[in-house]
J.: 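Starting off with a structure, shown below.
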Amino acid sequence: MSDKSHDELMAPDGAVNPIDTDYQVGQDNIALNIGPFGLDIHNRVFVVSGGMIALFVLITLLFRNSVGPVFSDLRNTLTSQMDWFFIGAGNFFVLVCLVLIFSPLGRVRLGGTEAEPDYTYVGWFSMLFAAGMGIGLMFYGVSEPLSHYASSFGGVVEANGVRTDWAPLGGALGNPEAAKDLGMAATIYHWGLHPWAVYALIALSLALFSFNKGLPLTIRSVFYPLFGERIWGWPGHIIDITAVVATLFGLATSLGFGASQAAAGLNFLFDIPGGITTQVVLIIGITGLALASVVAGLDAGVKRLSEFNMAMATLLMVFVIAVGPTLSIFSNVVSNMAAYVENLPALSMPFGREDANYSQGWTAFYWAWWMSWSPFVGMFIARVSRGRTVREFIICVLLIPTSVCVLWMTAFGTTAIEQLQSGYRAVVEADLPLQLFSMLEMLPFSSITSLLGIVLVVVFFVTSSDSGSLVIDTISAGGKVDAPIPQRVFWCCFVGLVAISLLLGGGLGSLQAMVVSTGLPFCIVLLLCAFSLVKGLMSEPRK
């Protein structure tokens with residue numbers, strides 16, 4: 001493992017085919033000092049994206065009593081009208097990744113034909129997993145399998161000829177085993193190959209064009225094969241601005257979910273009020289912790305926190321497996337994967353869906369969320385993936401996290417479903433952020449495990465905030481990975497401020513609305529990215 005600091009990118013080792021361009025990293029930047037603090041910002045990307053987000057926060061806070069319905073209508077319109085686009089794009093990204101695994105392009109090595117990995121597998125997996133899904137698994141690990149099971153068991157419900165139920169596909173009326181299989185298949189679909197294909201695609205593209213092609217580590221560089229030198233002008237500015245805005249709202253959405261769950265847990269354990277005020281205080285406090293990690297840097301801050309979080313998450317999952325329905329969990333891992341493979345064609349069908357509440361309310365929202373997160377997760381994964389071959393990269397980024405997600409969802413979902421089947425209805429009747437703690441209440445040492453759950457949410461919150469701030473700062477600094485620390489501090493605080501303003505302006509509904517609205521334009525960027533990636537790989541030497 002290399003000891004070289006990741007504050008600057010390493011030169012290629014071995015043969016590469018770099019792009020010949022006169023552009024210098026940071027040539028369009030403005031360097032200035034404000035008191036004792038230095039700044040080095042891309043004049044257009046930083047100013048336009050920062051100004052747009054600041055204006056949005058201001059409007060939301062000034063009119064917070066009236067923006068809630070607007071956000072709700074926005075989300076409903078986009079998911080109902082563009083669900084086919086999100087679902088179809090997700091399928092396309094999975095196919096591109098599978099083709100690259102089995103094609104000769106899989107032999108291309110990131111960083112040159114002789115490059116060696118900068119991190120061990122343990123450190124690499126910990127960082128990419130903690131950045132990619134942490135808060136979501138804590139928030140939805142119990143609630144989503146339980147929700148899909150209950151709606152599937154209830155079957156199809158119609159009113160005036162329109163389905164009003166939330167069951168995936170056709171449901172499984174009155175059949176507990178079939179409802180469990182369908183519910184878990186629908187859950188794994190949202191947390192398996194499709195989201196990780198989105199992350200793998202953008203991460204691989206960024207790593208290739210930075211480590212092999214010698215371009216700045218920023219989203220615009222990926223599109224050089226399509227736009228040439230024009231990426232240094234407004235076409236590239238628009239791409240990077242879109243990436244900054246999408247990333248920030250994707251992060252804010254996740255942080256809002258994390259704050260609501262942590263607040264619910266504190267209320268559950270200590271009777272601390274779990275309302276908006278507590279959530280805002282949590283966001284402020286955890287943003288402060290994220291600032292400390294941001295200042296510490298990638299290796300000292302994010303890496304250590306990610307490894308700590310993975311250890312604690314593994315401990316909680318092993319505990320649930322050991323004291324929960326152990327045999328059912330292990331047998332369901334196999335049956336759930338089989339159900340996922342069996343139902344995958346129907347679940348991923350973009351057209352002719354009758355289960356609109358599921359495909360639009362769940363799938364379309366998830367796909368927009370993953371896509372809005374993809375610049376952040378992709379750039380973060382790219383920075384820690386130098387030295388891997390394309391085949392190794394895609395297999396590991398697709399299969400390892402998917403396998404962990406399947407095991408996590410099966411452990412927590414099976415435990416909650418069997419509690420419901422045994423007559424414990426509190427787990428399904430609890431508010432969504434509280435369902436994890438309601439499930440843990442029926443297991444031994446519930447106070448300890450619930451406290452561990454809160455700690456996990458907080459630390460996942462911190463790792464997402466600090467690594468996301470590093471990424472946004474890199475994009476807004478024109479691809480510089482060694483930009484002054486005050487800029488990282490600015491973006492870290494900005495993420496927290498946006499999360500607070502969205503919670504005040506409509507709660508989780510407003511968070512979901514903004515993630516869908518920013519995920520849509522970036523989905524178009526990702527589709528173009530796939531073609532540019534293949535074109536770039538075809539010109540690279542293969543050992």
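A quick note: this is a predicted structure, and the numbers were derived from the prediction, not measured.
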J.: Work out which heavy atom in L456 is nearest to a heavy atom in A313; give both atom names and the distance.
T.: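 So the two residues come closest at CD2-N, 3.5 Å.
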
J.: Of the non-hydrogen atoms in L316 and W408, which two are nearest, and what is the gap between them?
T.: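 For L316 versus W408, the nearest heavy atoms are CD2-CH2, 4.5 Å.
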
J.: Hey, what's the ring geometry for H190 with Y366, parallel, tilted or perpendicular (30° and 60° as the breaks)?
T.: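 H190 and Y366: tilted rings.
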
J.: What closest approach, in Å, do P145 and M184 show between heavy atoms, and which atom pair accounts for it?
T.: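 Closest approach of P145 to M184, heavy atoms only: CB-SD, 3.5 Å.
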
J.: Tell me if the aromatic rings of H194 and W370 count as close, with their centers under 6.0 Å from one another.
T.: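 They do not qualify: ring centres at least 6.0 Å apart.
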
J.: What residue among F85, F86, Y189, F93 forms ring pair (Phe, Tyr, Trp, His ring centres under 6.0 Å) with W367?
T.: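 Among F85, F86, Y189, F93, the one meeting ring pair (Phe, Tyr, Trp, His ring centres under 6.0 Å) with W367 is Y189.
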
J.: Is any side-chain heavy atom of C405 less than 4.5 Å from a side-chain heavy atom of I188?
T.: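 No - every pair of side-chain heavy atoms lies 4.5 Å or more apart.
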
J.: Where do P168 and S152 come nearest, in terms of heavy atoms and distance?
T.: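 The pair with the smallest heavy-atom distance is CD-OG, 3.4 Å.
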
J.: Check the angle between the aromatic planes of W196 and Y199 and answer parallel, tilted or perpendicular using the 30° and 60° thresholds.
T.: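 Rings of W196 and Y199: perpendicular, as their planes differ by over 60°.
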
J.: Kindly check if the number of other-residue, nucleotide or ligand heavy atoms within 6.0 Å of CD (Q421) is above 12?
T.: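 Yes, the 6.0 Å shell around CD holds more than 12 heavy atoms from other groups.
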
J.: On a heavy-atom basis, which atom in L526 and which in S374 lie closest, and how many Å separate them?
T.: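 Here L526 and S374 meet closest at CD1-OG, 3.7 Å.
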
J.: For the residue pair S476 and W491, confirm or rule out a side-chain donor-acceptor distance under 3.5 Å.
T.: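 Side chains of S476 and W491: pair found under 3.5 Å.
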
J.: Does some side-chain heavy atom of I30 sit less than 4.5 Å from a side-chain heavy atom of V47?
T.: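 V47 does not reach I30 side chain to side chain.
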
